[in-house]
Amino acid sequence: MQIISRKPQIMNKRILGSLVVLPLFCFTGTVHAADAIIEAAPVPAPVVEAPGFWNGFYIGALVGSHNESVDTISGNGDGATLGGYVGYNHRFNNDLVLGVEGDYNAAFGDGWSGLGGELTQFGTVRARVGYAMDRWLVYAAGGVAFVKFEPIDGFSGPDVDETGWTVGRGVDYMITNNISARGEYLYMNFDDTFEEFNVPSGITTDVHNVRFGMGYHF
């Protein structure tokens, strides 16, 4: 009788089982390793952008003082001013700011007895160029100016409307992301004024306006 050993069969089964289990083990290890790599990846911090000041439309209110002088007239007129403004700014990548602004102001105070008139209203339309430093903006401005003189008490005569030019400078500061404060100086020049009163041509009126304002930026 021939005896057949079962050891080779047992060994063959073990080898076959190892060949089946080994790929599963490798696959499982690869999956766990991939999970470890994904879990270890750093999470990027959120990007917080700084607020962009000095861009867009804005409106505001003004309060200040005026002083004006007329050629050949002794004394100066002066008083308070109250008004408002509206404008638009565009800020470039190099922090240069270009804009346009218009304002209207009512003037109160003393006139000149020499001509019997007083400044009652004025306004400007100006181009602005400035430099932004975060919340600060320093700027210069220039453009067209308009002014109205009216007779003072005890004098009769027509209202006088004049057109001239203006230059000025100022500084703005953003208190919040929408609210700003400013200080500003304007010089206005009007040639050939008061011709309605048959005065000689070439009489110049100079107006100085120092004012402070609060604005809201959209």
Side-chain angles (χ1 to χ4, degrees), residues 53-54 56-70 73 75-89 97 99-130 135-176 178-191 193-194 196 204-218:
F53 302 121
W54 316 118
F57 290 96
Y58 59 91
I59 59 173
L62 295 165
V63 60
S65 64
H66 68 89
N67 177 274
E68 62 275 356
S69 61
V70 183
I73 303 300
N76 296 327
D78 54 33
T81 61
L82 182 64
Y85 61 92
V86 59
Y88 178 83
N89 287 323
V97 177
V100 61
E101 182 176 298
D103 66 271
Y104 166 81
N105 302 268
F108 312 92
D110 299 327
W112 319 281
S113 58
L115 284 177
E118 62 180 352
L119 187 153
T120 58
Q121 303 172 48
F122 67 91
T124 70
V125 177
R126 296 165 291 130
R128 300 204 312 166
V129 56
R135 291 181 178 269
W136 292 93
L137 174 68
V138 293
Y139 63 90
V144 182
F146 310 92
V147 70
K148 177 184 283 291
F149 296 97
E150 297 180 9
I152 61 176
D153 293 339
F155 288 81
S156 61
D159 294 347
V160 179
D161 297 301
E162 304 287 356
T163 302
W165 55 270
T166 179
V167 293
R169 60 184 182 270
V171 58
D172 282 355
Y173 177 75
M174 293 297 298
I175 301 173
T176 70
N178 299 101
I179 298 176
S180 66
R182 70 162 53 177
E184 187 175 46
Y185 163 75
L186 285 185
Y187 168 74
M188 290 166 276
N189 179 276
F190 303 92
D191 291 328
T193 50
F194 299 105
E196 293 85 347
T204 298
T205 300
D206 299 313
V207 180
H208 305 269
N209 182 216
V210 177
R211 56 203 191 170
F212 303 92
M214 298 288 292
Y216 182 84
H217 299 251
F218 296 95

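Positions are given from 1 along the sequence. We use all heavy atoms of the structure for the numbers below, so side chains are in, but hydrogens, waters and symmetry mates are not. These numbers were taken from a predicted model, which means no experiment stands behind them.
- If you take OG1 on Thr81 and CZ on Phe122, they are separated by 5.0 Å, rounding to the nearest 0.5 Å.
- In terms of heavy-atom proximity, Asp159 sits nearest to Pro151 at OD1-CD, 3.5 Å.
- Side-chain contact between Leu119 and Val147 is present, with at least one heavy-atom pair separated by less than 4.5 Å.
- In this view, Val167 and Trp165, Tyr187 satisfy the side chain to side chain contact (heavy atoms under 4.5 Å, CB included) rule, not counting sequence neighbours.
- Distance OG1/Thr176 to NE2/His217: 8.5 Å, rounded to 0.5 Å.
- For Thr204, the side chain to side chain contact (heavy atoms under 4.5 Å, CB included) partners at least two apart in sequence or on another chain are Asp71, Asn189, Asp191, Asp206.
- Every residue meeting the side chain to side chain contact (heavy atoms under 4.5 Å, CB included) condition with Tyr173, not counting sequence neighbours, appears here in chain and number order: Arg135, Trp136, Ile175.
- When every heavy atom of Gly213 is checked against every heavy atom of Leu62, the shortest pair comes out as CA-CD2, 3.9 Å.
- Annotation: ring-ring contact (aromatic ring centres under 6.0 Å, His included) contacts of Tyr88 (sequence neighbours excluded): Phe57.
- For residues 209-218, the salt bridge (Lys or Arg N to Asp or Glu O under 4.0 Å) pairs, not counting sequence neighbours, are Asp103-Arg211, Glu184-Arg211.
- Of the inter-residue distances, the one linking Glu68 atom CD with Phe149 atom CZ reads 6.0 Å to the nearest 0.5 angstrom.
- In this structure, the salt bridge (charged side-chain N to carboxylate O under 4.0 Å, His left out) partners of Asp161, at least two apart in sequence or on a different chain, are Lys148.
- Minimum interatomic distance between Asn89 and Trp54 (heavy atoms only, all atoms of both residues): CB-O, 3.5 Å.
- For Val129, the side chain to side chain contact (heavy atoms under 4.5 Å, CB included) partners at least two apart in sequence or on another chain are Leu96, Leu98.
- The closest side-chain heavy-atom distance from Val97 to Tyr139 is not below 4.5 Å.
- Counting only heavy atoms from C-beta outward, the side chains of Ser69 and Val207 never approach each other to under 4.5 Å.
- Annotation: ring-ring contact (aromatic ring centres under 6.0 Å, His included) contacts of Tyr216 (sequence neighbours excluded): Phe218.
- With sequence neighbours left out, Glu101 forms a salt bridge (charged side-chain N to carboxylate O under 4.0 Å, His left out) with Arg126, Arg128, Arg182.
- When side chains are defined from C-beta on, Phe108 counts as touching Leu82, because their heavy atoms get closer than 4.5 Å.
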Do Gln121 and Phe146 pass the side-chain contact (heavy atoms from CB on, under 4.5 Å) test, and can you show the C-alpha distance, the side-chain angles, and the key distance before you say yes or no? CA-CA 8 Å; Gln121 303 172 48; Phe146 310 92; over 6 Å; no

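- A distance of 9.5 Å separates CE of Met188 from NE2 of His66, quoted to the nearest 0.5 Å.
- Remark: Asn105 CG to Asn209 CG distance equals 6.0 Å, nearest 0.5 Å.
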